[in-house]
Amino acid sequence: MTTSLMKRSIENELVNLQVPQKIKRKSRSPRLGGQNISSLQTYKIIFEFGPPQLNLFRYITKKVGILWKEAKEKCNLKDGGKPTNGLLLISEDDERTVNDCLKVVGFDVYHLERLLETDEVMDDERKSVCIFYFREQFWKTMNKARAQTIREALRRVSNTNVFILTTSDVERDEAVECCKRFKLCPISHVISPASDKTAFYDAFYKVLEKELQIFLSDFETRTSTRQIYAIKYKLNFLVEKLQSRNASIKSPLTKQCLEIIKSSRKNSVIGYRLLGNELHIYENEHLRTETERRSEIENCIKNNFKGEVHFRPLNKVLKPQCTVRCGDYLRNDALGIMGTIGMFGEMKNTLENHSLHTVALSSPHVISSGDVAGTSTGERIGECIWPGSKANIHDVSIIKIDPSVINSLQRTHFNENITVEERPYGSLRYRDVFKYGATTGRTSGSIEQINDFQLFDRDVMAISSDDPENPFSTNGDSGAIVLTIIDGKHYGIGVIYGGSLEDREANSSITENESIAIFLKKAIDKFTAGKNVTIEFDKI
């Protein structure tokens, strides 16, 4: 039986993880010390939105999972190299207890499966990180019989990766004393909500590193074909990311190099992106025709950057994702293009706190001030009041919705309020994200890059799709809001602008068909600055 649990009420379309139905019935239920206490149950937890410390773990696990599946179709691989997705939880058989436990370690959205503790099943899961979690008062009444029950459960999982979670520091102290007395697990592996969880998060990466090494060593014995070489190259790229996760992130871009790029803005250099040891400079069509000036800028940058420098025309590598096609949600009749309504909100006067307008968000290259906004069938829904032009990709379009159509708007995909605020870059790097686009609907992916990537002097984010066969966004999706979940809250962090960066010719990158998004909070702040207005966002 497969059971889906989530911390909050979210529709099935939000998380579409398919959990293997290994087990059709519950495991046996041993008594703890002969008393009538809830049975111990083993669960497999597959999480999607977890603590920021595991962003990179999720990112690499997803990417390696795709490579594993591709490689498995071409050759017979050892099972030990298959990436482990999730963790084990051993606790009392109660859904509230499970929710409380996963809240302690920051897992917001997850799927749960009860496991039958047969040798065959547990052999598959033995290398996973494992949590033991009990209700309050459990450790106060610990005795030898209970300790023996826990030892029996411990023998079925890897002792190296076992952790005991407690609900408070007082309870943690009691559990530590029990661990010392009965030698259940290392003291550093007993954690409470307030304690340092570094060892817990590190355990995930240690498991993943072992799996990647097995995967790589297995490949070393294979005849090197073009396909095998491509998989090995991508795998090595991910191994390097994993091995450097604790290294301080220091950009190879020198201050002098950045100053040259910035000063070249007036000479038609409009952005840059660092990809490994390659620096890609984005230029407009004017600079390509001015050979002498272009050569001078290129030489200055090369003299201040230790790596390859490539100049790319922006219109060749960044394609706005709007389309002349029926079936999308937002239509600009004046230009004959379509995009996506990102989300709705109420514009309010901050001085008097009363509603001024119902508004919708989209992308400025789809619609800008003065343009009429319509549905895919041409019915008017309102008029765009911001920005004044389509020139700045870092703006967000604000559409004033006509009062006559407000009651007919379909606003929600799921019943959660959206928070729009700045998040530290460190908490977003490799973060799981999703969006609802007019063309592709709900898609999920990861923030591939958030540092060393600028267009028009502002940071942008690159997002890769979880599905190797389909992009995160495509034509008609411009204006969609990029969402993530942190500590149980839904955050709107970006707005889809465009994609199709596959023409960049980057030797060091393994990513194709990325989507490019601007930062939503910065765009909203630009609109509200000096206006005494704010926007309260609805549920998407």
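Being a predicted model, the structure only gives us computed values, none of them experimental.
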Is any NZ, NE, NH1 or NH2 atom of the basic residue among K262 and D457 found under 4.0 Å from an Asp or Glu carboxylate oxygen of the other? no
Donor-acceptor contact present, side-chain S473 to main-chain D477, <3.5 Å: no
Side-chain (S478) to main-chain (Y497) donor-acceptor, under 3.5 angstrom: yes
So, do F49 and Y491 have ring centers that fall under 6.0 Å from each other? no
Plane angle bin for H310 and H280 - parallel if under 30°, tilted between 30 and 60°, otherwise perpendicular: tilted
Donor-acceptor pair, D108 side chain versus G50 backbone, under 3.5 Å? no
Backbone N/O of V533 and side chain of N349: donor-acceptor pair under 3.5 Å: no
Answer yes or no: is there a donor N or O on one side and an acceptor on the other, between the side chain of N55 and the main chain of Y430, under 3.5 Å? no
Is there a donor-acceptor pair under 3.5 Å between the side chain of T340 and the backbone N or O of G342? no
Is any side-chain heavy atom of I493 closer than 4.5 Å to one of I481? no
Please work out which of the three classes, parallel, tilted or perpendicular, describes the rings of F47 and F107, given edges at 30° and 60°. tilted
Salt bridge or not between E283 and R312? Use side-chain N to carboxylate O under 4.0 Å. no
Contact list for residues 380-404, test ring-ring contact (aromatic ring centres under 6.0 Å, His included), sequence neighbours left out: W386-F527
For residues 387-397, pull every pair meeting salt bridge (Lys or Arg N to Asp or Glu O under 4.0 Å), keeping only residues two or more places apart or in separate chains. D371-K390, D395-K526
Counting only heavy atoms from other residues, nucleotides and ligands, does the tally under 6.0 Å from NZ of K521 exceed 12? yes
Stepwise, does the side-chain contact (heavy atoms from CB on, under 4.5 Å) test hold for V359 with I535? CA-CA 8 Å; V359 297; I535 299 178; 4.2 Å; yes
Atom NZ of K400: over 12 foreign heavy atoms under 6.0 Å: no
Walk me through it: do T440 and K435 pass the test side chain to side chain donor-acceptor pair (under 3.5 Å)? CA-CA 9 Å; T440 55; K435 70 101 185 76; 2.7 Å; yes
Given salt bridge (Lys or Arg N to Asp or Glu O under 4.0 Å), test E48 with K62 step by step and report yes or no. CA-CA 10 Å; E48 182 173 2; K62 289 188 296 183; over 6 Å; no
Measure from the side-chain N and O atoms of D432 to the backbone N and O of S446, and report whether any donor-acceptor pair falls under 3.5 Å. no
Pairwise side-chain contact, Y110 with L89, heavy-atom cut-off 4.5 Å (strictly under): no
Decide yes or no on side-chain contact (heavy atoms from CB on, under 4.5 Å) for S263 and V269, but give the supporting numbers first. CA-CA 9 Å; S263 65; V269 169; over 6 Å; no
For K531, I'd like to know if atom NZ has over 12 heavy atoms of other residues, nucleotides or ligands within 6.0 Å. yes
In this structure, is the centre-to-centre distance between the rings of Y282 and F456 below 6.0 Å? no
Considering only heavy atoms from C-beta outward, does the side chain of N284 approach that of L287 to under 4.5 Å? yes
Could you check whether atom NZ of K241 has more than 12 heavy atoms from other residues, nucleotides or ligands sitting under 6.0 Å from it? yes
Between E209 and R245, does any side-chain N to carboxylate O distance fall below 4.0 Å? no
Would L274 and E278 count as a side-chain contact (heavy atoms from CB on, under 4.5 Å) here? Give the steps. CA-CA 6 Å; L274 183 66; E278 299 178 17; over 6 Å; no
Is there side-chain contact between L238 and L67, with at least one heavy-atom pair below 4.5 Å? yes
Can any side-chain N or O of D333 pair as donor or acceptor with the backbone N or O of G336 at less than 3.5 Å? no
By side-chain hydrogen bond (donor to acceptor under 3.5 Å, both in side chains), which residues pair with D402, not counting sequence neighbours? R380
Side chain to side chain donor-acceptor pair (under 3.5 Å), that's the test. Do E346 and S355 meet it? Break it down for me. CA-CA 6 Å; E346 292 294 322; S355 181; 2.7 Å; yes
